[in-house]
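Here's the structure, in structure tokens; my notes come after.
What you see is a predicted model; the values in this text were computed from it and never measured. No hydrogens, no waters, no symmetry mates; every other heavy atom, side chains included, goes into these values.
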Protein chains: 2
Amino acid sequence: MNSPVLKPPETFFHSKLFRGLGNEELAELTAICQRKRLSAGDKLIEQHSAAQNVYVVVSGTLMIERLSRSGRRQVIAFSYSGDYIGFTNTEEYEYSVVALRETELQVFPRRDFLTLVDRFSTLKTNARQIGGNVLAQTLDQLFALGQKKAHERLCFLLAQISRRQCGTQNADIELIMSRQDIADYLGLTIETVSRAFARLKTMQLIEIVSAHRIRVLDRSVLEELASVN
Amino acid sequence: MNSPVLKPPETFFHSKLFRGLGNEELAELTAICQRKRLSAGDKLIEQHSAAQNVYVVVSGTLMIERLSRSGRRQVIAFSYSGDYIGFTNTEEYEYSVVALRETELQVFPRRDFLTLVDRFSTLKTNARQIGGNVLAQTLDQLFALGQKKAHERLCFLLAQISRRQCGTQNADIELIMSRQDIADYLGLTIETVSRAFARLKTMQLIEIVSAHRIRVLDRSVLEELASVN
DNA sequence: CGAGACGTTGAACATAATCAATGAGAGTGG
DNA sequence: CCACTCTCATTGATTATGTTCAACGTCTCG
């Protein structure tokens, strides 16, 4: 089963999804896995298209968004390395997915992937856990939008990205997305987002190195304001 | 397998979860199923407690809510007959669940239930579909909180309840929950909710029969304002 | 009938949206 | 290399929306 065409196993450990899997299982996954590269701005998934693939982010950043007929947009999530996308239970994607920069993905045909999830108990457990995390994350965002003020919502986003990028950098947060993306994620306007940044700066919580690079000065207060609790 | 202790099968068809199951499968489900009755105000699930059971609502109404240390509250959903609760993938409930009136439930030990979901492909398919619906519903709410004005959010709730109660009544909507519950569901205050009702009345979309009974006068406009699209 | 909880309405205030102008940075072509 | 332009971000002024505080209604249940 450890055929020479087996891709380097470390690529499979990017995602929690593949944690603890045996070699045979990884081999089967490898067999149905393809690679995909996207450039900034490329669309991975079109809203309302048939859900055919499951993707795992190897590197890069993507944005998951929902558009309405009336032109309003809700950004649902930003996806980083290790995240998986399109593991939907519905037959249609209910959102679009766009790359925010150079992004590398693993592609699994959804049907085959679901079959393997059924067969491999470890994979099943992992999938369930991650599925639970997705819902939990969405509920956190729901809480933020329903109960928090503008600057608290921004803390929510910053803390979230910071957690994802932990280890990547020192204490700096790289904001690959535009102010409009942030605004549509937090249910605000770009002007309000801008003022929220200014406010956090005045509060000495952050330093605005550049528009897309933020240095966290007081993590505990940031987390406090971000907290759902 | 059609033993005499088998409970009336129609009780199992309340939920979409049990659609299309064979008699043997229903018998196994019956074997692990218990009943529970709640009165208005009774708590079914305490936030952060261990996720031990899966519940299916037979009759009544429940409210799913999340509380923060700081006392803020986000109502996540209202659950009606046929809904299921606690089919979480995490080991801990991340929300509390309270009965809003006399409610009857089916109780399944979560571990046993998950085992049966694995074994019965029909049940698995149904569970996946319903799981997808839960996420879809949460995303709709996210969109409403992020992008909609107060009176549109109220339309969102009214349309949703109306759809759930379709067939139960003529065109009247019964609002079993309090104004505070509605406010915490929509991310507003009770005063704003009250004014939103007044506004929809002025717009001739609804008639306020009583505080807890709303008659829909123009369904199409209501749906339009409620729409995520 | 009275008490208490819940809901509505009004007035003042706060927050965020909108409209408008300015500023900063990246890419282009002279 | 330096203007020039274009896009994106920030800041200010004004307006709109929703919150807060307060008073008043209404309904239910003794």
| query | Side-chain donor-acceptor pair under 3.5 Å between B:Gln129 and B:Asn133, yes or no? | reply | no
| field | Value in whole Å for how far the C1' atom of D:dA9 lies from CZ of A:Phe197 | value | 10 Å
| message | Taking any atom closer than 4.0 angstrom to a non-hydrogen atom of chain B, what span of DNA chain C does the protein reach, first nucleotide to last? | response | C:dG7 to C:dA11
| field | Under-4.0 Å salt bridge between A:Arg110 and A:Glu91 | value | yes
| said: Looking at A:Phe197, I'd like to know if the NZ or CZ of A:Arg179 sits under 6.0 Å from its six-membered ring centre while staying within 45 degrees of the ring's axis. | reply: yes
| Whole Å only: how far is the CD1 atom of A:Ile206 from the C1' atom of D:dT10? | 14 Å
| task | Mind calculating the distance between CG (B:Asp184) and P (D:dT19) to the nearest angstrom? | result | 11 Å
| remark: Checking A:Leu105, A:Ile45, A:Asp42 against A:Leu62 for side chain to side chain contact (heavy atoms under 4.5 Å, CB included), the one that qualifies is A:Leu105
| query | Looking at B:Thr189, does any N or O in its side chain come under 4.0 Å of the phosphate oxygens OP1/OP2 on D:dG18? | reply | no
| Does a side-chain N-to-carboxylate-O contact under 4.0 Å join A:Glu174 and A:Arg164? | no
| said: Classify B:Thr192 by what it touches in the nucleic acid, base, sugar-phosphate, or nothing, heavy-atom distance under 4.0 Å. | reply: base
| message | If you assign A:Ser210 and B:Leu188 each to the DNA chain D nucleotide with the nearest heavy atom, which residue ends up on the more 5' nucleotide? | response | A:Ser210
| field | Salt-bridge present (A:Asp140, B:Arg66; N to O < 4.0 Å) | value | yes
| field | Contact residues, residues 149-157 of chain A to DNA chain C [heavy atom, < 4.0 Å] | value | A:Lys149, A:Ala150
| Any luck finding a side-chain donor-acceptor pair between A:Ser79 and A:Tyr84 under 3.5 Å? | no
Sort me out a list of protein N/O and nucleotides 21-25 of chain D N/O pairs below 3.5 Å, or just none if empty.
from	atom 1	to	atom 2	distance (Å)
D:dC21	N4	B:Glu191	OE2	3.0

| Looking just at side-chain N and O atoms, do B:Tyr95 and B:Thr88 make a donor-acceptor pair shorter than 3.5 Å? | yes
| Any chance the side chains of A:Ser68 and A:Ser70 put a donor and an acceptor closer than 3.5 Å? | yes
| field | Rounded distance (Å) that lies between atom P of D:dG18 and atom CG of A:Leu145 | value | 15 Å
| query | Does the side chain of A:Arg219 pick up a donor-acceptor pair with the side chain of A:Ser162 at under 3.5 Å? | reply | yes
| query | Could you state the CZ-P distance from B:Arg72 to D:dT19, rounded to the nearest angstrom? | reply | 13 Å
| Could you give the CD-to-P distance, from B:Gln180 to D:dT20, as a whole number of Å? | 11 Å
| said: Using the rule side-chain hydrogen bond (donor to acceptor under 3.5 Å, both in side chains), only one of A:Gln74, A:Arg73, A:Arg72 pairs with B:Gln147; which is it? | reply: A:Gln74
| Quick one: is A:Ser194 getting a side-chain N or O under 4.0 Å of the D:dT10 phosphate, OP1 or OP2? | yes
| request: Would you mind reading off the distance between A:Gln147 atom CD and D:dG18 atom C1', rounded to a whole angstrom? | output: 14 Å
| request: State whether a side-chain donor-acceptor pair under 3.5 Å links B:Asp218 with B:Ser220. | output: yes
| said: How many whole angstroms separate atom CD1 of A:Ile176 from atom C1' of D:dC8? | reply: 14 Å
